[in-house]
Peer 1: 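My questions all concern the structure below.
Residue numbers run from 1 in the order of the sequence given. Computed over heavy atoms, backbone and side chain alike; hydrogens, waters and symmetry mates excluded. Indexing begins at 1, ligand by ligand and atom by atom, following the structure's order. Bear in mind that the values here come from a model prediction, so they are computed numbers and not experimental data.
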Amino acid sequence: MQLLIDRIKKDGIVIGDDILKVDSFINHQIDPNLADAIGAEFYRLFSDNKVDRVLTIEASGIAAAVMTAKYFNCPMVFAKKSRTVNQSESVYSAKSFSFTHKTENTVTVSKEYIHAGENVLIIDDFLANGCALRALRDIVLQAGANPVGAGIIIEKAFQPGGDQLRAEGMRIESLARIKFMSERSGVEFF
Ligand code: 5GP
């Protein structure tokens, strides 16, 4: 998606050789026009599927996921990273190792918001080692629902998650695929 690639080139900041900071338009401040364009693109890519629900993980995936759900005219639900008291036992849960925080989270979704037989499209901001996507797919499967695929805003394709999950049969559509990046040379896309 050229609009996104141009924005990453202009405003993305590389930290070390494996973290891309996109705080000024995706991860902290959000550009609503870009989020809308991302939602429209995921709709175009996955419109060959019936999508009953869009699933993401808090917090960074929410803007793109809600825009995508608006185009599919379906609800968006986000997995929570910490269990709150009022969720009690009525949640699906999966463990996920956070790439950015280097901690293990338990992510949960209330059983009220994903149902058996539904087609669920997963959306996330980044794909690195694939832990977040695996946890979300796990939750969809626990619900007896069907993960139709994953829409990823930025795939760091030099990390193994994308190749591994595609080899396991998951359909993944990424709007920007990074081949290589470094603080010195910037970001190189496929
Ligand atoms: P994975 O679980 O695939 O290893 O990492 C994906 C998750 O980690 C995403 O949900 C995202 O929040 C975070 N993440 C991974 N790499 C980056 C990165 O380079 N920049 C930012 N901002 N977040 C990242």
Side-chain angles (χ1 to χ4, degrees), residues 1 4-31 34-35 38-39 42 54-69 76-82 92-109 120-141 147 149-190:
M1 184 183 174
L4 174 66
I5 290 172
D6 291 345
R7 189 63 178 271
I8 295 169
K9 284 182 178 160
K10 183 169 155 283
D11 293 331
I13 297 167
V14 181
I15 298 174
D17 55 11
D18 65 356
I19 295 274
L20 178 65
K21 230 174 159 223
V22 288
D23 279 14
S24 65
F25 55 107
I26 292 177
N27 280 159
H28 193 8
Q29 172 171 263
I30 292 167
D31 177 339
L34 181 65
I38 287 170
F42 284 139
V54 172
L55 175 67
T56 190
I57 185 165
E58 67 178 354
S60 310
I62 292 176
V66 79
M67 293 299 185
T68 307
M76 184 282 287
V77 55
F78 61 91
K80 296 194 172 195
K81 283 181 179 159
S82 62
Y92 300 112
S93 69
K95 289 204 184 319
S96 174
F97 185 80
S98 165
F99 181 83
T100 37
H101 298 108
K102 309 290 180 216
T103 52
E104 190 169 76
N105 295 312
T106 297
V107 299
T108 62
V109 174
V120 178
L121 174 61
I122 298 170
I123 298 290
D124 203 6
D125 58 343
F126 277 90
L127 173 57
N129 292 324
C131 298
L133 216 48
R134 275 175 206 285
L136 294 173
R137 181 184 60 177
D138 197 17
I139 283 174
V140 174
L141 295 174
I152 299 294
I153 302 176
I154 302 168
E155 177 178 349
K156 293 186 294 177
F158 56 88
Q159 292 179 286
D163 286 350
Q164 286 171 356
L165 284 155
R166 287 186 182 95
E168 292 169 24
M170 190 170 202
R171 177 176 173 193
I172 300 175
E173 302 282 359
S174 302
L175 305 187
R177 294 187 79 231
I178 297 177
K179 192 191 285 185
F180 172 83
M181 62 188 196
S182 73
E183 284 182 14
R184 199 168 54 84
S185 60
V187 185
E188 195 184 319
F189 296 89
F190 276 104

Peer 1: Short N or O contacts of ligand 1 with protein, under 3.5 Å, listed by atom name?
Peer 2:
| from | atom 1 | to | atom 2 | distance (Å) |
| --- | --- | --- | --- | --- |
| ligand 1 | 2 (O) | C131 | N | 3.1 |
| ligand 1 | 2 (O) | A132 | N | 2.9 |
| ligand 1 | 3 (O) | A128 | N | 2.8 |
| ligand 1 | 3 (O) | N129 | N | 3.1 |
| ligand 1 | 3 (O) | G130 | N | 2.7 |
| ligand 1 | 4 (O) | N129 | N | 2.8 |
| ligand 1 | 10 (O) | D124 | OD2 | 2.8 |
| ligand 1 | 10 (O) | D125 | OD1 | 3.3 |
| ligand 1 | 12 (O) | D125 | OD1 | 3.4 |
| ligand 1 | 16 (N) | K156 | NZ | 2.8 |
| ligand 1 | 19 (O) | L20 | N | 2.9 |
| ligand 1 | 19 (O) | K156 | NZ | 2.8 |
| ligand 1 | 20 (N) | L20 | O | 2.8 |
| ligand 1 | 22 (N) | L20 | O | 3.4 |
| ligand 1 | 22 (N) | N27 | OD1 | 2.8 |

Peer 1: Check side-chain hydrogen bond (donor to acceptor under 3.5 Å, both in side chains) between T103 and all other residues, then give those that pass, not counting sequence neighbours.
Peer 2: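 Expected list: none.
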Peer 1: So, for A94 and I139, which heavy atoms are closest and what is the spacing to 0.1 Å?
Peer 2: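 Closest pair (atom of A94, atom of I139, distance): CB-CG1, 4.0 Å.
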Peer 1: Between the side chains of K81 and E58, is the shortest nitrogen-to-carboxylate-oxygen separation below 4.0 Å, so that they form an ion pair?
Peer 2: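 The answer is no: the pair does not qualify as a salt bridge.
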Peer 1: Can you list, pair by pair, the side-chain donor-acceptor contacts under 3.5 Å of residues 162-169, counting residues two or more places apart and other chains?
Peer 2:
| from | atom 1 | to | atom 2 | distance (Å) |
| --- | --- | --- | --- | --- |
| Q164 | OE1 | R134 | NH2 | 3.3 |
| R166 | NH1 | E155 | OE2 | 3.0 |
| R166 | NH2 | E155 | OE1 | 2.8 |
| E168 | OE1 | R134 | NH1 | 3.2 |
| E168 | OE1 | R137 | NH1 | 3.0 |
| E168 | OE1 | R137 | NH2 | 2.9 |
| E168 | OE2 | R134 | NH1 | 2.9 |
| E168 | OE2 | R134 | NH2 | 3.1 |

Peer 1: Test of understanding: with side chain to side chain contact (heavy atoms under 4.5 Å, CB included), list the residues that count as partners of D31, not counting sequence neighbours.
Peer 2: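 Here the qualifying residues are R7, F25, N33, L34.
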Peer 1: Mind listing the closest non-hydrogen atom pair of A135 and S96 along with its distance?
Peer 2: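 Looking at all heavy atoms of both residues, the shortest contact is CB-CB, 3.8 Å.
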